[in-house]
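A quick write-up on the structure given underneath.
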Protein chains: 2
Amino acid sequence: MNGADSLCDTLLANDIDVCFANPGTSEMHFVAALDRKPRMRCVLGLFEGVVTGAADGYARMADKPAATLLHLGPGLGNGLANLHNARRARTPMVNVVGDHATYHVQYDAPLTSDAEGVARPMSHWVDRITDAASVARQTGEAIRVARSAPGNVTTLILPADAAWTDLPDNTPAPTPVQPDAPKPVAAEAVRAAADAIRSGQSTTLLLGGTALRGRALAAAGRIAQAFGVRLVSETSNRRIERGITRAPVTRLPYPVDQAVAFLKDVKHLIMVGSRSPVAFFAYPGKPSLLAPESANQLVLAAIDQDLTQALEWLAEELGLKSDAPGLIAKPLTDGPPTSGKLTGAAINRVVASLIPDNAILVDESITQGREFGNFSEVSAPHDLLQLTGGAIGIGLPMAAGAAVACPDRKVITLQADGSGMYTVQALWTQARESLDCLTVVYANRTYATLHGEMKNVGVQEPGVNARRMLDLDQPELDWVSLARGLGVEAVRVDSIEAFTSAVQAGLARKGPFLIEALI
Amino acid sequence: MNGADSLCDTLLANDIDVCFANPGTSEMHFVAALDRKPRMRCVLGLFEGVVTGAADGYARMADKPAATLLHLGPGLGNGLANLHNARRARTPMVNVVGDHATYHVQYDAPLTSDAEGVARPMSHWVDRITDAASVARQTGEAIRVARSAPGNVTTLILPADAAWTDLPDNTPAPTPVQPDAPKPVAAEAVRAAADAIRSGQSTTLLLGGTALRGRALAAAGRIAQAFGVRLVSETSNRRIERGITRAPVTRLPYPVDQAVAFLKDVKHLIMVGSRSPVAFFAYPGKPSLLAPESANQLVLAAIDQDLTQALEWLAEELGLKSDAPGLIAKPLTDGPPTSGKLTGAAINRVVASLIPDNAILVDESITQGREFGNFSEVSAPHDLLQLTGGAIGIGLPMAAGAAVACPDRKVITLQADGSGMYTVQALWTQARESLDCLTVVYANRTYATLHGEMKNVGVQEPGVNARRMLDLDQPELDWVSLARGLGVEAVRVDSIEAFTSAVQAGLARKGPFLIEALI
């Protein structure tokens with residue numbers, strides 16, 4: 001038994017039994033240790049952005065962290081963008097980054113870099129293992145922090161010699177750690193929120209984190225139904241339980257002007273696991289803060305508090321019984337379109353109408369899917385996972401991770417083409433693991449969001465240089481060939497009829513399938 | 001004219017006229033400015049690892065930096081691995097990273113991160129632009145540092161409001177900066193090296209940086225020819241001028257045992273732009289330092305000194321005239337194989353025999369191409385670009401950048417399949433820009449180097465978990481489909497005859513072409 005075994009055993013003792021990995025030479029002793037632990041499921045990503053994005057999707061659905069295995073500073077660097085998204089989602093994650101042996105660092109070999117420096121901007125917690133004897137303790141602390149509310153990204157740097165050094169036979173077996181539970185809610189915060197709601201003035205509950213799930217969401221629904229309070233989520237969320245049986249929550253619009261208009265009449269803005277709304281980007285002459293200055297902003301509970309307790313207590317404080325009726329979504333006045341040229345809007349309508357019960361919906365649709373939520377509140381019950389940090393390239397990996405966590409559930413990914421290209425290698429992982437992932441690519445062959453932003457900065461007709469940086473044509477991406485190259489079957493469609501049939505076919509089968517939807 | 005215009009103008013005033021880019025919303029004013037400067041060539045990468053790898057390849061061949069345009073901390077993160085390689089190569093590069101407006105950072109919007117923190121581990125120099133009026137000065141300094149010997153990776157963070165703020169009409173036009181020239185060589189170092197060489201004892205000149213090019217290499221060749229000195233390069237090099245008209249230089253072997261054996265009889269080890277050899281990785285019971293302790297290690301000149309001056313002065317000190325004969329490679333005793341099952345060894349022989357005059361050879365062949373250098377010293381004259389930092393995923397982007405720099409030269413990439421998957425998106429850039437890139441994929445469908453390393457750690461028969469992390473089969477990657485999906489024509493071959501024909505066909509055409517060589 002060596003340090004690498006100790007690390008694996010500590011993970012397993014804490015019920016971390018999935019490791020998304022892209023190892024290298026400095027991790028070979030860890031790989032050898034994993035090879036001795038068949039209980040650990042190792043999932044290879046052909047690029048580290050796949051690894052970290054999959055670990056994010058896994059933890060969002062499993063409600064426990066996965067481990068990742070990455071190769072020195074540059075391998076970690078490749079995973080940073082999706083670590084950024086996980087950090088924003090407060091996803092629990094334990095990253096293991098192999099590094100040179102302690103005594104080898106001084107020689108500055110070609111792959112030497114400041115791994116802590118690379119880790120820190122996108123991790124809540126970073127540590128470097130000192131020696132084999134300390135592996136269990138330091139790994140335990142990484143797990144404890146990762147699992148402590150509201151969830152943290154932790155990065156543990158593992159020198160090769162700490163991995164390969166043998167430990168005495170009498171080394172004790174690792175024991176489970178005790179993470180910090182969510183902090184309790186303050187009575188004054190509940191009373192203040194109740195007073196605001198009872199005032200009868202325009203009140204919005206802005207929900208984030210676990211307030212968008214289960215009993216917390218149900219309590220919010222009862223409050224909304226009884227008091228006419230508006231339920232709103234942040235623009236991007238780790239996981240929303242959504243669909244016909246759940247309280248419908250409206251997403252705060254992404255465009256600044258729309259968000260400001262959406263919030264302009266709010267008198268009381270009550271944050272529950274969310275933060276006061278801010279613009280995704282700054283624009284000349286537009287505000288950074290989205291809520292009106294006149295609004296009374298209250299924090300019922302912050303992200304690290306017990307949001308279920310907060311909302312159930314608030315409902316009780318407002319005199320609502322636990323079986324009081326909750327808010328219900330209004331039925332749509334019409335069904336989805338059934339024929340004609342395919343558009344982004346049609347994709348949204350068709351998919352929303354076909355979501356199977358208990359599906360997982362991964363949304364990296366960027367511009368084209370912004371209206372999707374208008375239709376999915378009456379879809380069959382499902383979980384919605386969003387791009388939390390704005391770092392594109394999470395859709396395909398997150399779907400893979402969610403499918404590993406929930407092998408019996410269909411995973412549907414709404415994927416913008418430009419963003420999908422960032423981590424397209426994830427399709428291979430979907431194929432290798434036979435994951436039940438249906439991907440819909442909105443193939444508009446442009447960075448549509450940036451064309452909108454160019455107009456925002458006053459450029460009505462982009463010139464050669466701008467078009468060459470914003471358009472994905474010349475050559476056109478061929479997603480059917482790309483998917484085939486990575487072992488995933490795919491079809492291309494450009495009509496609503498063909499798209500509807502393709503979605504139905506994709507839902508009927510098991511395993512990965514991709515629809516290139518030309519729009 | 002705004003800050004973004006000022007930045008572009010400063011780049012152009014310093015002859016930086018290529019910008020590899022993957023912009024986002026915070027860079028829209030910079031994109032609009034680029035749109036007003038048709039002299040700037042903007043090249044889109046569909047992933048930031050393509051952007052930074054291409055900028056590396058460009059600068060290695062153009063001998064001047066390209067600019068890159070990246071989107072906040074996560075976009076920079078995606079480019080870090082190839083920045084690491086560029087940092088190791090001492091490639092000059094000016095990265096422009098857009099960030100939130102200065103006043104917006106405090107609100108911690110979803111895409112906020114510590115961009116300086118992300119940049120620092122892989123940059124020689126990092127700065128944040130303070131305001132529009134300071135753009136020209138700070139950009140000038142970034143360029144000055146990047147172009148100062150021996151070349152530096154500089155990263156400039158551009159807040160959106162510094163880009164969009166207008167400057168007065170009378171703002172002076174930017175002027176070219178004066179980079180630091182290489183430092184002069186010390187007479188004592190030259191004399192000491194000359195004494196070592198004259199001793200008649202086993203002497204090795206270990207060449208790095210610009211010592212592997214032009215007059216410097218020619219001087220080394222004269223010394224080697226006259227005194228029986230061995231010419232050796234570091235294992236990984238920025239650029240080697242190679243082929244039948246150049247002094248043949250032997251690459252220091254990558255495997256530790258081979259490197260130690262290679263150096264064991266060296267009495268005098270003279271470093272010229274190189275460092276004392278160290279193992280790429282540490283292994284239990286193997287040394288980190290590769291040269292024998294008994295060796296007399298001398299530094300003729302370090303990487304930041306004038307290596308041409310150093311070697312020409314040394315030759316002169318040794319009494320060699322500038323027209324003294326240089327070392328010449330021994331002819332091969334046989335031609336390449338012409339038929340049979342394709343192997344990695346056969347690929348190396350065939351390609352080496354067919355390299356056209358003045359080609360650029362990009363080597364990310366990892367295990368399969370290690371013997372290539374045994375044959376290419378008698379190939380037609382060419383430039384060889386190597387993976388300097390060990391962070392895989394540079395081959396396809398570096399080829400794209402080299403082809404942008406040298407549109408009239410054929411670029412041949414020797415590409416390992418596992419590494420190629422890291423930045424496969426680069427094929428699209430090759431197609432979009434009609435770059436004359438021939439890619440040979442060694443399709444062994446495994447991380448072969450790691451299988452070797454597993455044996456090194458004592459695992460003779462990898463189990464399920466190890467195989468699942470080291471093999472790229474199940475499903476097999478289909479490079480022909482992948483290339484087609486990205487707009488590049490491709491063929492698959494598995495015999496020497498078919499491979500030879502495919503290489504000949506690829507060389508005869510203009511534009512990107514890929515050969516999936518099943519081995």
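In what follows, every chain begins at residue 1, and chains take the letters A, B, ... in the order their sequences are listed. Just so you know, these numbers come straight off a predicted model, no measurement behind them.
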Check: How far apart are the C-alpha atoms of T25(A) and L450(B), what are their side-chain angles, what is the distance that settles it, and do they pass the side chain to side chain contact (heavy atoms under 4.5 Å, CB included) test?
Finding: CA-CA 6 Å; T25(A) 297; L450(B) 298 185; 3.7 Å; yes
Next item on the list: If the plane angle is over 60° it's perpendicular, under 30° parallel, otherwise tilted; pick one for F47(B) and F47(A).
Entry: perpendicular
Item checked: Region of S288(A) that comes under 4.5 Å of a non-hydrogen atom in chain B -> both
Checklist line | Most contacts with chain A, counted as non-hydrogen pairs under 4.5 angstrom, among G458(B), S276(B), A279(B), P462(B) | finding: A279(B)
Notebook entry, point to check: Of all heavy-atom pairs between A109(B) and V278(A), which one has the smallest distance, and what is that distance?
Noted result: CA-CG2, 3.9 Å
Note to self: Under a plain distance cut-off of 3.5 Å, with no hydrogens placed, do S113(B) and H84(A) share a side-chain donor-acceptor pair?
What the structure shows: no
Checklist line | When A101(B), G75(B), A32(B) are compared by non-hydrogen pairs under 4.5 Å with chain A, the top option | finding: A32(B)
Margin query: Is a donor from one side chain sitting under 3.5 angstrom from an acceptor on the other, for Y422(A) and N22(B)?
Written below: yes
Item checked: SB check D35(B) R467(A) (cutoff 4.0 Å) -> no
Check: Looking at CG of L111(A) and CG of L387(B), how far apart are the two atoms once the value is rounded to the nearest 0.5 Å?
Finding: 8.0 Å
Next item on the list: Mind listing the closest non-hydrogen atom pair of A431(A) and P475(B) along with its distance?
Entry: CB-CG, 3.6 Å
Checklist line | chain A contact via E27(B) - side chain, backbone, both or neither, heavy atoms under 4.5 Å | finding: neither
Notebook entry, point to check: V424(A) and V424(B): which non-hydrogen atoms are nearest, and at how many Å?
Noted result: CG1-CG1, 4.5 Å
Notebook entry, point to check: So, do Y283(B) and H100(A) have ring centers that fall under 6.0 Å from each other?
Noted result: no
